[in-house]
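Along the sequence shown, residues are numbered consecutively beginning with 1. Atom set for the values below is all heavy atoms of this structure, side chains included, hydrogens, waters and symmetry mates excluded.
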Amino acid sequence: MPELPEVEALAGFLRQHAVGAVVGRVDIAALSVLKTFDPPITALQGRDVTGAARFGKHLALDCDGLWLVTHLSRAGWMRWLDNPSATPPKPGKGPLALRVHFFTPEGLTPAFDLTEAGTRKRLAVWVVNDPQEVPGIARLGPDAMAVTEAEFAQILGGTSARIKNSIVEQSLIAGIGNAYSDEILHTAKLSPFATSSRLTRDQISTLYAVMRSTLADAIERSEGQDAARLKGEKRSGMRVHARTGLPCPVCGDVVREVSFAERSFQYCATCQTGGKPLADRRMSKLLK
């Protein structure tokens, strides 16, 4: 799933390539992607693109006061096309969900695609007058790159959830997902199962600093990358996430995994849990 650094990079890409253009035709290839009907998506046509923004993990394009907002979910992505086909796509064919055409002052006619791999279609698009009309944005807590340390401590102190769950809960802290939470907790040397409200002041201070530095580093590495290369850039910076069975780059211990129904997370027992492997519910069920 694209998280704060990748969505911020995509917003920056749109600021550079789409701002100043005029929205042309909007092609919908998957009707299920559109979550609003008033204003209609055709209302975007002919509007100047005046900005692009990120709200948590939502990507938003400001079309002269009318906003096109998307959440890319787990398997969605944005792809920029310098020379898109003039033929409208056929609905239901392939991963394409939506295509937005542009006319630039230089006479160019680029477009961007929103695509989603796999069969579980969760990519969502809204057309709204105010991004706060999008339910997921309205529920967001403070952004991970804007929250103060005092606010961060207060948020964690107010929940008894495991720290892994706390820092990915968007209503508490916006922008962090499964991948970067693995990286943050590994660098901070915290167990994913640690109780948020029981962290010491020093642990919270360390976690806050690591969160900011991890995300800032990822943003810096993503800046200037075109949309097609962002996924590879994200993977290249990971130390434990999606590296099950490989050696931890800090201590050399094997990176372990805990799996749930639809997702998994990775950690290093030596660095994070005093050498004790965490219970894997998938393995526990197999052993019963």
Under 30°, 30 to 60°, or over 60°: which ring-plane class applies to F265 and Y267, parallel, tilted or perpendicular?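 Answer is tilted, since the angle falls between 30° and 60°.
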Could you tell me how the ring of F13 sits relative to the ring of W80: parallel (under 30°), tilted (30 to 60°) or perpendicular (over 60°)?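 Ring orientation of F13 relative to W80: perpendicular.
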Within-4.5 Å side-chain heavy-atom neighbours: [X] and [Y]:
| X | Y | result |
| --- | --- | --- |
| F112 | F102 | yes |
| R256 | P277 | yes |
| E183 | V240 | yes |
| V147 | Y208 | yes |
| H58 | T70 | no |
| R239 | V250 | yes |

Does any donor atom in the side chain of S181 or K164 lie under 3.5 Å from an acceptor atom in the other side chain?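 The answer is yes; a qualifying pair exists.
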Side chains of S264 and S259 only: does a donor on one sit below 3.5 Å from an acceptor on the other? no
Hydrophobic clusters here meaning ILVMFWY residues chained together by side-chain heavy-atom distances under 4.5 Å, can you tell me if V127 and L72 are in one? yes
Hey, is E8 close enough to R54 for a salt bridge, meaning N to O under 4.0 Å? yes
salt_bridge(R99, D27) N-O dist < 4.0 Å: no
Side chain of [X], backbone of [Y]: donor and acceptor closer than 3.5 Å?
| X | Y | result |
| --- | --- | --- |
| S196 | A161 | yes |
| Q170 | G177 | no |
| D113 | T115 | no |
| E151 | T148 | yes |
| D62 | A52 | no |
| R25 | A86 | yes |
| T206 | Q203 | no |

